Each structure stands twice: as structure tokens, then as C-alpha cells.
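The structure appears below as C-alpha cells.
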Amino acid sequence: MIDKVVSSVEEAVAGVPQGATVMIGGFGRAGQPVELIDALIAQGASDLTIVSNNAGNGDVGLAALLSARRVRKIVCSFPRQSDSWVFDRLYRESAIELELVPQGNLAERIRAGGTGIGAFFTPTGAGTLLADGKEAREIDGRLYVLEYPIQADFALISAHKADRWGNLVYRKTARNFGPIMAAAATTSVAQVDEVVPLGAIDSEGVVTPSIFMQRVVKVPERQWLHDGKFVGRVDIEGQPRERATGTGAPGGSQ
Amino acid sequence: MIDKVVSSVEEAVAGVPQGATVMIGGFGRAGQPVELIDALIAQGASDLTIVSNNAGNGDVGLAALLSARRVRKIVCSFPRQSDSWVFDRLYRESAIELELVPQGNLAERIRAGGTGIGAFFTPTGAGTLLADGKEAREIDGRLYVLEYPIQADFALISAHKADRWGNLVYRKTARNFGPIMAAAATTSVAQVDEVVPLGAIDSEGVVTPSIFMQRVVKVPERQWLHDGKFVGRVDIEGQPRERATGTGAPGGSQ
Amino acid sequence: MTKLSRDEVAQQIAEAIPDGAFVNLGIGAPTLVANHLPETLEIILHTENGMLGMGAAPEEDQVDPDLINAGKQAVTERDGAAYFHQADSFGMMRGGHLDVCVLGAFQVSENGDLANWSTGARGAIPAVGGAMDLAIGAKEVYVMTDLLTKNNESKLVVACSYPLTGVACVSRVYTEYAVFDVTSEGFAVTKLFGDNTIELLNSLTGLALIDATTPAGLDERKGR
Amino acid sequence: MTKLSRDEVAQQIAEAIPDGAFVNLGIGAPTLVANHLPETLEIILHTENGMLGMGAAPEEDQVDPDLINAGKQAVTERDGAAYFHQADSFGMMRGGHLDVCVLGAFQVSENGDLANWSTGARGAIPAVGGAMDLAIGAKEVYVMTDLLTKNNESKLVVACSYPLTGVACVSRVYTEYAVFDVTSEGFAVTKLFGDNTIELLNSLTGLALIDATTPAGLDERKGR
């Protein structure tokens, strides 16, 4: 019997080696696997190369991993954000290496990593600073730059529901990098709001098929959900709004 | 208001020019848009280049288009089948040109056509006859061959449900080439069993997003379905089994 | 001299977007365009973090941290929406499926080069995000920008001095003074706001602009 | 001399597939392996036309023309199944995610080259389908084949004379006489069926085979 569900986030991140390449899902805070990142901090692996769209927000999650000085290099598209002070400080201290990749090339390189493509010609970035030193070629009158796949030892992602085979579905724009990172890592780990029985996920609607996943762990349901339904009453960072004015039962309206 | 639903298959294939490249969905008979192909035969365009996994089955659909001598060239992976006598005859008469492409490279070339990739290095076929004359390169110790995108003037596909924006869902393995062909053609046309109201397709489960579709047409529901539910009682070619022994109402059991 | 407000410029852009168009509105000022899209039209908004059919901002108690736009602001979902992953979302852009993309700019050159991701300042933390994909990711790339920098330098230039986002990718520039099309002969002014003149724009930009304003164009403006 | 039946060879292969494996069984004889996978294990079958979690053939009145395998035969769906399009399905293979793939062969060479899509005969209609993707599309590529052609020529060869499907891709060959692993030194016999001997195989194939059978291996066979 296949059962990829592990019982703790510690178990979920066990075995991440020193110097590993780790993909971390999420676009800003949406889809960022905060509990898995916290477990990775506790696990202790360092000298990591992180592949992620952003370089952390505030002081939690990826920012906390950076702050703990576990990251040697980050491959990302948009490190500078209004709340990326942790990365900003490390970068100015030259305490972290940055490989800046246009977001679509980052996504396509991760996809290539998961699908066995050796390299691909992309028009994005051609003729710009970010193509410096890279092979360029004109194809049918358009300029392209050659980009190579990205693979990882581990992928840490956040999804909505999983079954014990590892089939995943996501929630809204929190899907972002999850499906392509899941396919591009040797050990892919998802934290989920809910583990459902095998067969409960519609076979037509599976977003990440089981073959890509190695470990699944249930974490406490996100604050804005209740039994899988959206109940809201949080701010954009997921923090509770107006605790005092609640009406008692979490009455969702979507 | 957006309404991509047209009222007839004639309207759905209107404007296919002489010499057009037309992608036709389907793997064998599953997902083959038979009604659209019939309409294309009636429409009259000839000197076509067809991109499709197979080269027709029996005497209907794609085989009928070939038989009507409308096809100059076919790009496919598996023309020879037990019931591909129409193609076989034309090929032996040198009345049709064949570009044989491994199925995964065919799929990836179509995907590249829809996603703006200029070319890609694939390991499939490297070192074989089908890579003869193509650019090869060793990357990280593995041999790859450079393959180019395929685009089309029209894509004719079969899906299960659509809304008026053109969002599509498919049914089981009839999905096959539909989603990637829809993205790789200038005018993408889907025949569907059912047109549902906007909002009736779960936004998490949309397989072909509306942006890729130009026309949608409802055709009679497939024989093995009734009101969208599988009722069976057909053979693998979709022809009714044991007509005489039916129990009256179509009593589905799946 | 007439200078439209940002909202008025956004209105101008909104009027140029046809019913049924698939549109990406970049971070910052371009998002204002959404407020001016007529309710009577169906214009489908794409956000590159993985959604088509994006709706307006939600009520405060309906903010959903899983439902955000590329600017990481809360949004909503319209009927007909679809979610997809990053490779699919950027494939959609790179494949040229979007009709219109509206972006901000530091500089736009006469041949349509766009610079909007970096001023090249030493020590600045670079960040590109989806800018380079957006620059090449639509049939029409519109720039929405002030004509001049804070130092009164023209953002329309012969050649960009800032690092490029995309080469020969911009089709039109909307500013507070006028609308400029990128043509093979350089910038062509297609629409002057109020009492602005080609001469004024020549003077502000230091460029030799082509006068492509038309009486029809004037009538259209007055009619609005 | 012992010759296993095709079903017995399929049984041998089935026994080599571990619980939880993701497996693609090629068209033809390899599909027999499915009949021998123990009910007590969960082995997930992939079919390259776009599905994971393929089940057995349906009852006659439950045939669904939309639910077929790569051989275009009716199949069923197990709990936990998933459907996906062709680019995703072949990406899954090319990306090396399948644990085992079982294929037929015309020839396999000592370095693991596979020829199974074309005999190169003049005038034959070529067809390759997913063969080249399958050949490179799994962590372990097993070949299931008769050792000899109808003309008693060995299908295990020093170098393939037929057009290649894939280069250095085969890891193991299951025949009716024995099991052969592809090693850097050539074919190694890891399992002899019945009273077969290395000498017999050397004679049938004309190759210098490595004897990699082990007492442990023999015990295991007897225990079955």
C-alpha cells in the first residue's frame, strides 16, 4: 500500500542535506509553505541554494530561513519587496548570492527540470542585461536566449488537499509554482490543509498527479478556511481581522 | 459580451483557407472531433497540412478527409494502425507526404508552438534515424536533439463541456492533444457535448482556459453518454452494442 | 498646456480596449485602468501569478490571502475564471495570447525598447519579476507613464540609457499630454489632450515627433 | 532446455516490480504483466495517452471509448487516478519519473541500445508513436521478448542492425530462457530458468555472456 502521508513536519523535511538545492513554492505569501520552512530551519541544513519566486516577506517563512543564515544562494525573480528587509540586509552585506531570473524563465526552467528538456530558447530577456553571457540565436526573425533546466533535491510546497498517493489540488492563486516544483525535485513535499481518502479527488481535476510527490503532511487549516470552506475575516497576510467583532460561528459567505 | 458559441459545425470551420495547417485532436478515436472533420470536408479546403497523432481510423473522420484527397502532408507519430487503410493506400501511392515525429516530441513541439518557445533540446529520438539532419548537442553528458515548435492556422478538437467564454473541460483520456493544440493555433475550435452557463465550470478544474479558444460548437452528445453521465453499451468504436437487448431507459451505472 | 490626471490617462487606455479582450494590467499605475473598464463590456483580466477572470478588490472581510494579483493585493474571481500554474501562465504570455498588456516605464525608445525594471543604480537590489515576460507577452504592449521624470527629463528617448526590459516591444505610450504610437519612423503622436500641440511635445521630449493626429481623432475625443 | 510461456515471463517481470511503483507497460506482450501484479500491492499504471491509475479491462457493457490505453483498448480508472494532456504525460516520461517501463524489442545491443519501432524494410509504413519516449522514459527500462527471432537469430546482439529506438537505454531483458542485465561489460545473465545453462545461452546468442547468477538467486527462484 502506498501512503505518502507523514505524521509531522519534522518527518516531512527529514534528510535535507547540507548544501542541498531546495525549491520553495509561493508567490509572495500565497502558497508559501510556512510550516515546512519552519521545520527546515529546525532541521538545521545549511549552505542551501533556494529556488523561489521571492526572497521572503517579513520575518517568517523564507525570510526566517534567510535570517538564520542557512542560505548560500537564492535563485529568484523578485527579491525586492516592501517587506523583504531580511534579504535586503543580507544582500547588502554580500552574505547571500543572488541569481536573478525573469519570472517566466524561472517557471519554464523549473518545468524543463521536471520534464527532461535539456535546454530551450526563450524570447524573454533576449537583448537585455539578464541575457549577458548566454547563448543567443535568431529563429524565424526573432531573438531568443538559451536557458537551462533547474532541478532540486527537495521541493517544499503548499497545497489544499492531498490523498495518500500524493495527488494534489491547490486553492486559487496559491497554486503558482507548486505543480512545476513538485515535478522538478527528487523529493517533493507538500503541506496540505486536508488529507482526503483515495478517490475523493476528482481524477479530472487532479493538478499534481501522485507520481511527482514523495511526502505529504497535514498542517493546521489556514486561518481563512473552515472545513475547507472560505470564511474570510483575515487580512492579506492571513492575520485575523477584528477578532472582537466576530459573531460566534464562522459564517462564511463564499 | 463574449460568446464564442457558434450555431453550426459549418460556422465552426468557416474560413479554413487552402493550404492551411490544421491540428486535429485525438488519440485513435478518443477525442477525435469527427463532426468538425466532416464539416471541414464539406467546407472544401484542400492542400492541407494536418498535424495529428494518427492518420485516421476506418473510413470516417480524419480518414475520410484523407480519402477526399484534401491533405498534402501529415505530421504525426503513428500513422500505421490496424484500421488505417486509407492512409496506407495514399502513402503507398506517394499521394501524401509524411513527417514522422515521436509522440512526445510532437506533443512538446505543439506545446512550444503555443507557449512562444523558439526551440528546445529533447533527448527523445537523439541518436536515431528520426534525428538525422537535426542539430544535436550533449548537455551534462546526455545527448539531445533540437526540435522546433509547431503552430497551426486552425485547431479542431473535441471536449466535453464549454462555457461561452471558451473555457473547456474534457473527459478521461479523450483529453490527450486538445489542450496543447488549442494553445498552438490561431483559430481554435472545439466541438463539445454540452455548453454550460458561465461560472458552471469550476475555476480550479478548467483544463483549457478561455484565452485559447475562438469558437465552440455543440454537437450531439456521444452515444455512450446521457445528460453528461456515462451509460455505456457501446463498443470501443462508440457503436451501439446489442441494440435489441436494451432495457428501455438508458440506465447508467458509472 | 493640458495635463490629464492618472485616472484620466487610465480612462483613455480603458477606452482603447475592445470587448472580449484578454488584458494584463501591470503593477502600479496600470492597475487604475481596471476602474475604467465599462461594466457593459466583458474584458478578461489576466494576472501572471496564475489566473484569468480576475475581479475587483473584495470587501474587507472577504479578503482571501490565496487570491491575489501580481501586486500581491487581494482580488476576486469572476464567473468564467480559471487558475493555472506559473509555467502555464507565462506560456500564455510568451505565446502571444494576451491582446493587451499595460505597463509602466522609466524609458521608451523610438524603436519601442522598454526600460522599466532597473535604473542600473549601483548597490540597488535588482528585481525583475514578470516585467520581461510582460514586455514581450502581448499582441499590443501599451505603456502608461508620465512623459517627464521628476527632473523634467523625457521618458521618451532616442535610445534607452537604463537597462532594457524588452527590445522593440512597445506599441503605444499613454502620457498625461498625449498618446504616442511607436512606428518604424519613430514616435507618432496620435492624440493630443486639450490644447497641447506637437510643438510643445517636441520641446518637452527633444524628439522630432510625427504628427499623426487626425480630425477624426479629434472628433472622437470631443465625443467622449 | 526450459522455455517459459509468455505468461510465465510476464510473471517474472511482475515479481520484480515493487509496491508503489509507477509503471508503463508497452503495447503487446508487456501488457500481460498487468495480469500478474499482486492484488495486495499498489502498483500504479501509466498510459502515455494521458492517465495514471489505469485499471483492468471493463465489463463488456461498460466499455468507454473515452477511456483507453496506448494500445487503444478499453480500460478502467482506479481510485487515485489522474488525467493529463499529452505534453504533461510525455513530460512525465521524459523527466524520468516512471520507475519501470516494459517494452517489446526487435533487438537489444550489449550497450543497451533498443530497436523496436522499425525493421527498416523498404516500403513499410513507418510508425513510431511513443516508442522513443518510452525507451528513455523510465528509471528502469525492461525489455520483454523472445530470445530468438522466428529465424532463430538472437535478438540480443553486439550492435543493432535495425533502426534504433533509443541509445543505451535498456537496463534488463526478460526472455523465455533467462533474464539478462545490461552492464558496462555486456549482457550479464542474472537468472536462468529451469535447467538452462550459460553455455546454452552463449550458443543461442553467439555472445560471450557474463554469469551473474547467484546461489541466492537460485534459492529465490526455487522459493517461488
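Source: prediction; values computed, not measured. Sequence lines set the chain letters: A, B, ... in the order given, protein chains first and strands last, and positions in each chain run from 1.
The cationic group of D/Lys155 does not satisfy the cation-pi geometry with D/Phe106, failing either the under 6.0 Å distance to the six-membered ring centre or the 45° limit from the ring axis.
Both the backbone and the side chain of D/Pro126 have a heavy atom closer than 4.5 Å to some heavy atom of chain B. Of the atoms belonging to D/Glu59, not a single heavy atom falls under 4.5 Å from chain B. Interface residue B/Arg111: only side-chain heavy atoms are found under 4.5 Å from chain D. For B/Arg109, no part lies near chain D; criterion is any non-hydrogen pair under 4.5 Å. Neither the backbone nor the side chain of D/Ser118 comes within less than 4.5 Å of any heavy atom of chain B. For B/Leu100, the part lying near chain D is the side chain, with the backbone staying farther off; criterion is any non-hydrogen pair under 4.5 Å. For D/Asp88, no part sits under 4.5 Å from any heavy atom of chain B, backbone or side chain.
When ring centroids are compared, B/Tyr170 and D/Tyr83 stay outside the 6.0 Å threshold.
Remark: side-chain polar atoms of B/Glu221 are paired, donor with acceptor, to backbone N or O of B/Gly228 under 3.5 angstrom.
Interface summary for chain D: among B/Gly238, B/Gly28, B/Pro79, the most heavy-atom pairs under 4.5 angstrom belong to B/Pro79. Heavy-atom pairs under 4.5 Å with chain D peak, among B/Asp88, B/Val101, B/Leu130, at B/Leu130.
For the pairing with D/Phe22, the side-chain contact (heavy atoms from CB on, under 4.5 Å) check across D/Ile43, D/Leu45, D/Asp99 returns one residue only, D/Asp99.
Looking at D/Asp181 and D/Arg172, a side-chain N of the basic residue comes within less than 4.0 Å of a carboxylate O on the acidic one, giving a salt bridge.
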